[in-house]
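First up is the structure itself, then whatever we jot down about it.
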2 protein chains.
Amino acid sequence: MKLLTKNTDYVVRALIVLAMKRGQFISAREISKSQNTPYQFLRQILQKLIQNKIVVSKEGIGGGVRIVKSPSKISVLELIEMFQGNLELSDCMFRNKICQNRKTCVLRPEIKRIENNVALEFSKITIEKLVKKIGEKDEKKLYRNR
Amino acid sequence: MKLLTKNTDYVVRALIVLAMKRGQFISAREISKSQNTPYQFLRQILQKLIQNKIVVSKEGIGGGVRIVKSPSKISVLELIEMFQGNLELSDCMFRNKICQNRKTCVLRPEIKRIENNVALEFSKITIEKLVKKIGEKDEKKLYRNR
DNA sequence: CCTAACTGATACTAGTTTACTATCAGTTAT
DNA sequence: ATAACTGATAGTAAACTAGTATCAGTTAGG
Ligand code: FES
Ligand code: FES
């Protein structure tokens with residue numbers, strides 16, 4: 001059960017970088033190098049972020065992408081939905097006898113419940129929170145080294 | 001994000017049937033017909049249940065499989081793990097700068113937390129509970145029709 | 001005004017997974 | 001004997017994943 005695919009993984013990391021450098025245009029090449037993500041793959045991913053107005057782009061030298069949506073409003077859930085399609089149930093077997101006789105399925109509501117839970121959890125994880133977590137770790141580090 | 005694949009879906013339904021007919025040998029053909037599951041696919045699935053000692057088989061005419069593990073002890077989680085492999089994290093990018101610098105990742109613990117939650121929820125859903133749910137629905141139906 | 005560093009758009013591809021299908025051998029109740 | 005079963009295993013089409021490759025257009029700086 002793979003909750004995140006590579007492109008979602010990469011996009012989260014890219015957005016963390018962009019959130020930490022808010023206001024600046026960062027090139028795909030720079031993100032690719034700093035995060036060890038395949039360049040062309042990352043470019044596709046960034047194009048989708050542009051289409052979804054999470055970042056804006058600037059062409060030419062010194063160009064790149066700049067984050068425009070507030071990191072506090074970018075949830076991992078919307079990134080998953082953007083790159084992996086909607087969270088959706090596995091297909092229903094309409095002609096299944098169990099369901100035919102009882103009108104509704106006993107398994108599916110349970111799965112639906114769990115899926116809703118997963119969606120809720122992912123909706124709570126925002127880019128802002130992840131950036132803050134990085135900050136907290138740095139503080140601890142500074143404290144230990146003092 | 002597909003939590004259940006077809007084989008897990010089919011095996012749950014097959015086990016519901018077998019649990020409702022505990023003690024009896026039911027053939028793959030019969031389950032296949034009653035649940036509208038592809039026969040050969042179902043046979044593979046049942047063989048795995050046999051290997052995992054959840055059912056026993058009897059060859060020849062009048063044969064089939066019989067459930068031997070208590071339905072209260074068969075969780076959907078173990079079926080998922082049996083048919084979809086362990087719930088596992090998407091691969092880690094060890095050389096990732098964010099993680100290199102901070103020793104640990106900020107995203108991964110969150111995903112791990114959610115995955116553990118999903119596993120816990122699926123471990124609570126047993127075949128026995130699903131069979132009971134079917135029973136409850138039947139009762140409601142009887143009550144309404146009275 | 002040239003050129004190097006950028007994005008825009010899109011086509012292609014190898015490998016893996018999913019959801020099956022097919023085959024042949026052996027078993028057992030009637 | 002034979003029809004209805006399981007045991008074991010090979011094959012396969014389609015979809016998905018994780019990329020790669022190309023070419024066209026844009027822009028800052030010398
Ligand atoms: S198979 Fe469709 S709701 Fe159960
Ligand atoms: S990439 Fe490995 S723990 Fe973050």
Side-chain angles (χ1 to χ4, degrees), chain A residues 1-14 18 24-33 35-68 80 82-86 88 90-93, chain B residues 1-14 18 24-33 35-68 80 82-86 88 90-93:
Chain A
M1 192 184 315
K2 205 189 289 175
L3 295 183
L4 294 199
T5 54
K6 285 286 178 191
N7 43 17
T8 314
D9 202 354
Y10 294 161
V11 81
V12 170
R13 295 168 199 291
L18 290 171
Q24 297 171 51
F25 281 100
I26 314 293
S27 72
R29 186 67 69 184
E30 187 180 334
I31 298 172
S32 163
K33 276 181 185 162
Q35 299 301 308
N36 269 56
T37 50
Y39 174 67
Q40 292 293 353
F41 197 25
L42 180 64
R43 290 242 296 136
Q44 281 189 345
I45 290 166
L46 292 179
Q47 289 208 345
K48 214 155 192 178
L49 287 185
I50 294 161
Q51 283 159 28
N52 284 273
K53 298 183 180 170
I54 287 175
V55 300
V56 288
S57 65
K58 194 176 117 188
E59 286 180 90
I61 269 191
V65 295
R66 187 184 52 168
I67 198 166
V68 287
I80 289 175
M82 196 177 297
F83 289 97
Q84 299 174 216
N86 282 26
E88 59 190 14
S90 53
D91 291 338
C92 169
M93 300 160 54
Chain B
M1 193 183 316
K2 207 189 288 174
L3 295 181
L4 294 199
T5 54
K6 286 284 178 193
N7 43 17
T8 314
D9 202 353
Y10 295 159
V11 82
V12 170
R13 295 166 199 293
L18 292 171
Q24 297 172 50
F25 281 100
I26 315 293
S27 72
R29 185 66 70 186
E30 187 180 335
I31 298 172
S32 163
K33 277 181 185 162
Q35 299 300 310
N36 269 57
T37 50
Y39 174 68
Q40 291 294 351
F41 196 24
L42 180 64
R43 287 243 294 137
Q44 281 189 344
I45 290 166
L46 292 179
Q47 288 208 347
K48 213 154 193 178
L49 287 185
I50 295 160
Q51 283 160 29
N52 285 274
K53 297 180 181 172
I54 288 176
V55 301
V56 288
S57 64
K58 193 176 117 190
E59 286 178 89
I61 269 190
V65 295
R66 188 184 52 167
I67 198 166
V68 287
I80 289 175
M82 197 176 296
F83 289 97
Q84 301 174 211
N86 281 25
E88 59 190 12
S90 52
D91 290 337
C92 171
M93 300 160 54

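We use all heavy atoms of the structure for the numbers below, so side chains are in, but hydrogens, waters and symmetry mates are not. Order of the sequence lines sets the chain letters (A, B, ...), proteins ahead of strands, with each chain counted from 1.
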Margin query: Can you confirm whether B:Leu4 sits close enough to B:Gln84 that some side-chain heavy atom of one is under 4.5 Å from a side-chain heavy atom of the other?
Written below: yes
Next item on the list: List in numerical order all residues of residues 55-65 of chain B for which some heavy atom is under 4.0 Å away from an atom belonging to DNA chain C.
Entry: B:Glu59, B:Gly60, B:Ile61
Item checked: B:Phe83 CZ to B:Ile45 CD1 distance, which is reported to the nearest 0.5 Å -> 6.0 Å
Sequence neighbours left out, cut at 3.5 Å: what donor-acceptor pairs do the side chains of residues 56-63 of chain B make with other protein atoms?
none

Note to self: Distance check, rounded to the nearest 0.5 Å: A:Arg43 atom CZ versus A:Arg29 atom CZ?
What the structure shows: 8.5 Å
Would you list the atom pairs, donor with acceptor, under 3.5 Å between side chains in residues 47-54 of chain B and any protein atom, with sequence neighbours excluded?
{"from": "B:Lys48", "atom 1": "NZ", "to": "B:Met82", "atom 2": "O", "distance (Å)": "3.4"}
{"from": "B:Asn52", "atom 1": "ND2", "to": "B:Lys48", "atom 2": "O", "distance (Å)": "2.8"}

Check: Reading nucleotides 12-19 of chain C from the 5' end, what letters show protein touch, with B for base, S for backbone sugar-phosphate only, - for no heavy atom under 4.0 Å?
Finding: ------SS
Item checked: Nearest heavy-atom neighbours spanning A:Tyr39 and A:Ala28 -> CE1-CB, 3.8 Å
Notebook entry, point to check: Taking atom OG of B:Ser27 and atom NZ of B:Lys33, what is their separation to the nearest 0.5 Å?
Noted result: 8.0 Å
Margin query: A:Phe41: which residues meet the ring-ring contact (aromatic ring centres under 6.0 Å, His included) condition with it, sequence neighbours left out?
Written below: A:Tyr10
Note to self: Closest-nucleotide mapping onto DNA chain D: is A:Arg43 or B:Arg43 further toward the 5' terminus? I mean the 5' end.
What the structure shows: B:Arg43
Notebook entry, point to check: Taking all non-hydrogen atoms of both residues, which atom of A:Ser32 and which atom of A:Leu42 are closest, and how far apart?
Noted result: N-CD2, 3.4 Å
Check: Listed by chain and number, what are the side chain to side chain contact (heavy atoms under 4.5 Å, CB included) partners of B:Gln24, not counting sequence neighbours?
Finding: B:Lys21, B:Ile26
Next item on the list: Test side chain to side chain contact (heavy atoms under 4.5 Å, CB included) on A:Arg13 and A:Ile31 and set out the steps.
Entry: CA-CA 9 Å; A:Arg13 295 168 199 291; A:Ile31 298 172; over 6 Å; no
Notebook entry, point to check: Quick one: how far along DNA chain D does chain B reach, first to last nucleotide 5' to 3', anything under 4.0 Å to a heavy atom?
Noted result: D:dA3 to D:dA10
Next item on the list: For the residue pair B:Val65 and B:Leu18, establish whether any side-chain heavy-atom pair is separated by less than 4.5 Å.
Entry: yes
Next item on the list: Please work out which residues in residues 46-54 of chain B have a non-hydrogen atom less than 4.0 Å from an atom of DNA chain D and list them by number.
Entry: B:Gln47, B:Ile50
